[in-house]
Enquirer: 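Just dropping this structure here.
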Amino acid sequence: MNQTYRGRLAPSPTGYLHLGHARTFWAAQQRARAAGGELILRNEDLDSTRFKMEFVDSMLEDLRWFGFEWSEGPDVGGKYAPYNQSERMDVYRAALAKLQSGNFIYPCTCSRKDIQAAVTAPHAADDELIYPGTCRENRQSAIGNRKYSWRFRVPDGETVSFMDGNCGPQNFIAGKDFGDFIVWRGDGVPAYQLACVADDAAMHITEVVRGADLLVSTVRQILIYRALGWSVPDFFHCELMLDAKGERLAKRHDSLSLRQLREQGATPKKIRSDWSVGR
Ligand code: GLU
């Protein structure tokens, strides 16, 4: 028997939702509906330095206004509660411990500045620097009282591949297209890559629909699934929405926030029929 489709919306409350989010989320909802499956809402509120409480309520309100409907979420509960990441630290600690015991990660004392200084190769402006491997041989016991993060050791030279439901075959070379990445930050907060995998697995997500800016994150996450021995969901990456200058929409584009559009009298139906706004 086929597994029931389970998709998710995973917004971070770091600002008002904009058209780009709405379009990706809409694709997620359409795919869940077409498959006769479930759609869950997960509030990705781990990074307390970036998110603001006031955005959580507005996020839920904007999503509902737009026509999103979820059967599990922070406001409605569900089988895999809690749905706020800030309440799921145990899940992330367990995943971290498993990565530690399998020796997939190492403690890293480098600051962003250290890495910048050590890296000479060009890198995608958008993505993180390729980590030069300075701390790969570190032992936790030898670190003393210095602050450290946990980094995932990627299999250098290996092509990590997956078939994307929208963008087709994807191949990224470990150590070249992306390097060792942080799974747990020096300030004690789990990194997005780890939290996302731990939650998508725990919540039995069968397909992840997200923006194409996260393709390289997806391959990092595939390595985490592999290390943890968990089955990998399907992926569907949506094209990004661009503004009039051809730049990616970000939360700072307030004029394209759902909130503003709504105040200006736009309706969700009209917005959907104008998806090309700003292109
Ligand atoms: N909270 C992440 C974001 O808003 C989720 C990305 C994802 O995994 O879909 O960028």
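Every number for a ligand or one of its atoms is a count from 1 in the order of the listing.
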Enquirer: Out of Lys79, Arg6, Arg42, which residue meets the salt bridge (charged side-chain N to carboxylate O under 4.0 Å, His left out) rule with Glu72?
Expert: Arg6

Enquirer: Cation-pi check for Phe66 against Arg262: NZ or CZ below 6.0 Å from the six-membered ring centre and within 45 degrees of the axis, yes or no?
Expert: no

Enquirer: Is the shortest side-chain heavy-atom distance between Leu60 and Trp70 below 4.5 Å?
Expert: yes

Enquirer: Using a strict 4.0 Å cut-off to heavy atoms of Leu214, name the atoms of ligand 1 that fall inside it.
Expert: 6 (C), 7 (C)

Enquirer: Is any N or O atom of Val208, backbone or side chain, closer than 3.5 Å to an N or O atom of ligand 1?
Expert: no

Enquirer: A cation-pi test, strictly: NZ or CZ of Arg151 under 6.0 Å from the centre of the six-membered ring of Tyr131 and no more than 45 degrees from its axis. Yes or no?
Expert: yes

Enquirer: Taking only non-hydrogen atoms of Arg8, do any sit less than 4.0 angstrom from ligand 1?
Expert: yes

Enquirer: Mark up the atoms of ligand 1 that fall under 4.0 Å of a heavy atom belonging to Cys196, in ascending order.
Expert: 8 (O)

Enquirer: Report the part of Ser12 in contact with ligand 1, treating N, CA, C, O as backbone and CB onward as side chain, heavy atoms under 4.0 Å; options are side chain, backbone, both, neither.
Expert: both

Enquirer: Under a 4.0 Å threshold between the charged nitrogen and the carboxylate oxygen, would Asp156 count as salt-bridged to Arg136?
Expert: yes

Enquirer: Counting heavy atoms only, which of Arg210, His237, Glu44 comes nearest to atom 2 (C) of ligand 1?
Expert: Glu44

